[in-house]
Amino acid sequence: MTTAAQPPSEGVVDRFLRYVRIDTQSREDQPTVPSTPTQWTLARLLANELEQLGAHDVRVSEYCMVYASIPATISGSVHIPTVGFLAHVDTSPAVTGANVNPIVHRNYQGGDITLPADPSQVITVAQHPDLKDMIGDDIITTDGTTLLGSDDKAGVAAIMTFVDVLLHNPQIRHGPVRVAFTADEEVGIGIDKFDIAAFGADFAYTVDGDTMGEVNDETWSARSATVTFHGTSAHPGTAKGVMVNSMYAMADFVSHMPREMLPETTEGRQGFVHPYTGVLDIAQSTVKVLLRDFDVSGIEEQERLLRRLAGESAARFPGVSASVDVAENYRNMKEVLREHPEITQYALDAVRRAGLEPFTKPIRGGTDGSKLTFRGLPCPNIFTGGHEFHSKLEFNSRRGLEKATETLVHLVQIVAESAGDAA
Ligand SMILES: [Zn+2]
């Protein structure tokens, strides 16, 4: 193993503090990628910085995706796979990302952290017991009025610093490396515009996780259902015997959702069904329902349940009919990754070399890697050190950012060694 002799030209914390100040909030229900023009600002900045660092083939696509290559430092007969790393430039539509004012709490000495611009916003030890392991670290928070954007500018800063380290240390032995920064991850539409063939990696990692040491190779399988009850509209003055009000069937249906299968009653590996929005009208009432499970059999079970409940509710209200449309959103990447266990193992070994205890945890959500994995680019997820994503209480730390960066530097060396490179 080679350790980095030359430090990066800019530390990961300084990069992070620079990137979070750039507003890159994405927006729901927009037809184009990127959904907001502000994402171009960070994408172009990153492309310029990659050029200055000496990365090869730097380009920004028409969809605001940044691509770059770092050539192998090993030549010869050993074939070393090409490894990719991705992070997303956008931040969640849930909380404003304008005028982010990051606060560095140097040498944290324990206790709750009150955010200065809004004292009602408090990061508490009770809710974050891992703060007890962060004594002496520099904790980075917002001022309480915005999100931090650690999701995923921590991943962006870690990858940029990793590129910086590799290009300043040609003695580090690694194969070909690709990096990319994507748009519109938070609104789920960006990754469809990602050019896997042009990226040219054999496998990749998103750097978009949370707790230090964590690697994720398992996400939800996700479907969404649209349940519609059809009735008959009529003028209320002359409605007797004619009107069939679909709202009653809808209310009946929603009230029959199994209590033990909801987001508010499940955790860990349990799936859920989640009615989250709808429209009530006499002639037609519609509700949208998220179906989530780690196993395909579980999600198919949920789909059958939903269809049965919709049919039963319609049957209780003569004249009402029900229709159920189900669409797949993404699938559990584990279905593919279990065929390539070495890809997750490289990441776990890299975490250990970075001096942390590695662990895996299924994500109760999806990542860009969920779709990439099924499109032919196996892609687990690596921690960034961030916490409380999509909220004003979002925070990260110097150690989190530095360990994420170190993990990537170790990972490319482990891949080279595993391919048979003997330094
Ligand atoms: Zn993210």
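One-based numbering, in listed order, for ligands and for the atoms of each.
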J.: Does this structure show an ion pair linking D217 with K334, if we count only N-O contacts that are shorter than 4.0 Å?
T.: yes
J.: Got an N, O or S from D151 under 2.8 Å of the Zn ion (ligand 1)?
T.: yes
J.: Apply salt bridge (Lys or Arg N to Asp or Glu O under 4.0 Å) to the pair E218 and R269, showing each step before the final yes or no.
T.: CA-CA 10 Å; E218 191 162 12; R269 291 194 56 89; 3.2 Å; yes
J.: Salt bridge between R304 and E300, side-chain N to carboxylate O under 4.0 Å?
T.: no
J.: Closer than 4.0 angstrom, basic N to acidic O: yes or no for R364 and E267?
T.: no
J.: Would you say D208 has an N, O or S atom lying under 2.8 Å from the Zn ion (ligand 1)?
T.: yes
J.: Restricting to N, O or S atoms of H88, which is nearest to the Zn ion (ligand 1)?
T.: NE2
